[in-house]
Every structure is written in structure tokens, then in C-alpha cells.
Amino acid sequence: MSQQYVLRYFNIQGLCEALRLLLTASGTNWTEETPEWPREKYSQPLGHLPVLVESSKGGKDDVVLSETLVIERYIARKYGLLPTDILAAARQEQLRDQLHDVWTTHMEFMHSTGERSTELVTKFEQDATRLVSVHVAALRRNGNNGHYFGETLSYVDIAAYAFFKFFSDAGPKSLKAKIGLLNHTRIPE
């Protein structure tokens, strides 16, 4: 029986862009709903979004998951976007987690002021510089063929696309925090 998915999230890119892309790339039947917030906050499994509801065609909710990276990995594993070899999967997951860590620092910066804001800009610049170095090396090891691993689309390919899309679309305050991240001289040839 084929599965259907409902992704609950806000009407923004935020944490969910990679998940939306994973669902689309997997060819699944999915829709998105935006709960009325904060009224529906406590009806969510962990009190926050995103939430993924997986149902069989009969309408029974078979799976309800919360936490962005958990949902991403569930979909990536289920639809072959993560390898079955645990070490190969871990290599992709560590690159994904590094993206998430830098994104988290950026989001904390967006809501900070004063000395903490200055500290976060410095942390972001250091972490982003390391991220670019690590990711460029991974792409080069794979022959600069447009994929991190192998010849086909993978979990980390999708996550990296969503990450860099977020930063290229981000608003004015984020410009200060993303200094040099998207500099064309850092992109592999």
C-alpha cells in the first residue's frame, strides 16, 4: 500500500526546506499544512514543528515523527537517498549535521544583540570557513561531478542545496553573519 505524507510547518523555508526537497525527490505523495500557532502547539508530539505524518491509503496514521533531522533521515533511508552501509551513511550524516550546526548559529545570531551578537558573528565565520573547506574537499574527492558521493542524488546533496539556498535567500541582517560564505572563490571548479 502506498504511503501519503503530511508535513506540518510554518509557511517559511526555515528548518524544513531540505525535508520538502527530500519528499519531492523521493517521488512520494505529500502535502503541507500550517497549523494555527500557538493554538495548535501542544497538539504536536513534542510541542514544536516540523511534524511528519505518514498514512497508508486507508487513512490510518502509521507514523508521526517530530525533529527535523530525524524526519529527514527517515525519509532519506526509506527512499534510498542514504546508503544502507552504516559507515557510508554516517559520512553523509556528519556533513548534514555540520550544515545544521552552522544554520543554528546563524539563527541564534538573528535573535541576539550586543556582545553575544558579536561573538556569534565570529563563531559563524569560523564555522562557515571550516564548513566550506570540508565540503569542497568532499566534492573534490568525488570528482567534482555535482554530487558528494557517487553519481546520483543523495541526502547530503539535497541538504547542502537547501542550506546554500537559505543563505542566498536570507534577509538583510543575515548579510553581516554570512560574510564570505558564498564567495565564488571558495567554490570548487
Side-chain angles (χ1 to χ4, degrees), residues 1-37 40-107 131 134-135 137-139 141-169:
M1 192 172 270
S2 77
Q3 303 299 298
Q4 299 180 55
Y5 298 91
V6 174
L7 176 61
R8 295 182 194 146
Y9 196 62
F10 305 107
N11 192 21
I12 59 172
Q13 272 185 348
L15 286 169
C16 256
E17 197 64 14
L19 184 49
R20 290 178 183 110
L21 294 169
L22 283 163
L23 287 164
T24 300
S26 66
T28 63
N29 180 9
W30 71 281
T31 59
E32 190 164 347
E33 65 182 32
T34 305
E36 290 184 40
W37 211 257
E40 294 184 52
K41 176 180 178 68
Y42 296 104
S43 64
Q44 306 310 313
L46 299 179
H48 60 265
L49 300 175
V51 170
L52 181 74
V53 179
E54 177 182 345
S55 304
S56 61
K57 282 219 176 198
K60 180 181 174 227
D61 291 349
D62 300 316
V63 175
V64 178
L65 292 174
S66 195
E67 296 298 334
T68 304
L69 298 179
V70 169
I71 299 168
E72 284 181 12
R73 288 180 172 121
Y74 174 73
I75 294 298
R77 282 188 179 94
K78 186 167 186 168
Y79 293 99
L81 295 164
L82 261 174
T84 56
D85 175 88
I86 61 172
L87 180 56
R91 288 187 172 128
Q92 284 198 39
E93 292 174 40
Q94 74 182 357
L95 291 171
R96 173 58 177 124
D97 287 357
Q98 185 188 29
L99 294 167
H100 187 74
D101 290 347
V102 172
W103 186 89
T104 301
T105 298
H106 176 268
M107 293 311 294
L131 179 144
V134 167
H135 285 250
L139 291 165
R141 276 192 305 277
N142 198 45
N144 286 339
N145 68 357
H147 299 286
Y148 280 84
F149 298 95
E151 301 287 327
T152 60
L153 190 64
S154 70
Y155 174 43
V156 72
D157 293 330
I158 292 169
Y161 174 83
F163 174 86
F164 287 105
K165 182 180 184 303
F166 171 80
F167 281 103
S168 66
D169 293 349

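Worth knowing before you read on, the calculation uses all heavy atoms, side chains too, and leaves out hydrogens, waters and symmetry mates.
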- Closest approach of Ala159 to Ala18 (non-hydrogen atoms, all atoms of both residues): CA-CB, 4.1 Å
- Item | Non-hydrogen atoms of Leu21 and Ala162 that approach each other most closely | CD1-CB, 4.0 Å
- Task: State, to 0.1 Å, how close Ser56 and Asp62 come at their nearest heavy-atom pair, and which atoms those are.
- Result: N-OD2, 2.9 Å
- Task: Kindly give the heavy-atom pair with the smallest separation between Leu153 and His147, and that separation in Å.
- Result: N-CE1, 3.6 Å
- Query: Between CD1 of Ile158 and CG of Leu81, what distance do you get to the nearest 0.5 Å?
  - Reply: 5.0 Å
- Query: If only atom types and distance count, is the side chain of Ser66 paired as donor or acceptor with the main-chain N or O of Pro50 below 3.5 Å?
  - Reply: yes
- Item | Non-hydrogen side-chain atoms of Pro45 and Val51 separated by less than 4.5 Å | yes
- Query: Any side-chain heavy-atom pair from Glu40 and Gln44 closer than 4.5 angstrom?
  - Reply: yes
- Task: Go through the steps to decide whether Arg77 and Glu93 satisfy the test salt bridge (Lys or Arg N to Asp or Glu O under 4.0 Å), and finish with yes or no.
- Result: CA-CA 11 Å; Arg77 282 188 179 94; Glu93 292 174 40; 2.7 Å; yes
- Tell me, yes or no, whether the heavy-atom count around Ile86 atom CD1, taken from other residues, nucleotides or ligands under 6.0 Å, exceeds 12. no
- Rounded to the nearest 0.5 Å, the CG atom of Leu15 sits from the OG1 atom of Thr68 at a distance of 4.0 Å
- Query: Can you list every pair that meets salt bridge (charged side-chain N to carboxylate O under 4.0 Å, His left out) and has a residue in residues 10-21, with sequence neighbours left out?
  - Reply: Glu17-Arg20, Arg20-Glu32
- Count the heavy atoms of every other residue, nucleotide or ligand shown that sit under 6.0 Å from CG of Asn145, and state whether that count exceeds 12. yes
- Residue pair Ser154 / Asp157, side-chain donor-acceptor N/O under 3.5 Å: yes
- Message: Tyr74: which residues meet the ring-ring contact (aromatic ring centres under 6.0 Å, His included) condition with it, sequence neighbours left out?
- Response: none
- Rounded distance (nearest 0.5 Å) linking atom CG of Asp101 with atom CD of Gln94: 11.5 Å
- Query: salt bridge (charged side-chain N to carboxylate O under 4.0 Å, His left out) with Lys78: which residues, sequence neighbours excluded?
  - Reply: Glu54
- Search all heavy atoms of Leu22 against all heavy atoms of Ala76 and return the closest pair with its distance. CD2-CB, 4.4 Å
- Message: So Phe149 and Leu95, do their side chains get closer than 4.5 Å, heavy atoms only?
- Response: yes
- Task: Could I get the full list of side chain to side chain contact (heavy atoms under 4.5 Å, CB included) partners for Tyr79, not counting sequence neighbours?
- Result: Gln3, Tyr5, Ser26, Thr28, Ile75
- Task: Name all pairs fulfilling the ring-ring contact (aromatic ring centres under 6.0 Å, His included) condition that reach into residues 10-33, sequence neighbours left out, sorted by first residue then second.
- Result: Phe10-Trp37
- Message: Would you compute the distance between atom OH of Tyr9 and atom NE2 of His48 and round it to the nearest 0.5 angstrom?
- Response: 10.0 Å
- Message: Regarding Asp85 and Arg91, does a basic nitrogen lie under 4.0 Å from an acidic carboxylate oxygen?
- Response: no
- Closest approach of Val102 and Phe163, non-hydrogen atoms and distance? CG1-CZ, 3.8 Å
- Task: Find out whether Leu131 and Leu99 are in side-chain contact, i.e. whether some heavy atom of one side chain is under 4.5 Å from a heavy atom of the other.
- Result: yes
- Under the salt bridge (charged side-chain N to carboxylate O under 4.0 Å, His left out) rule, collect the residues that match up with Glu36, sequence neighbours excluded. Arg39
- Please report the C-alpha distance between Gln92 and Tyr148 in whole Å, then the side-chain angles of each, then the deciding distance to 0.1 Å, and finally whether the side-chain contact (heavy atoms from CB on, under 4.5 Å) criterion is met. CA-CA 8 Å; Gln92 284 198 39; Tyr148 280 84; over 6 Å; no
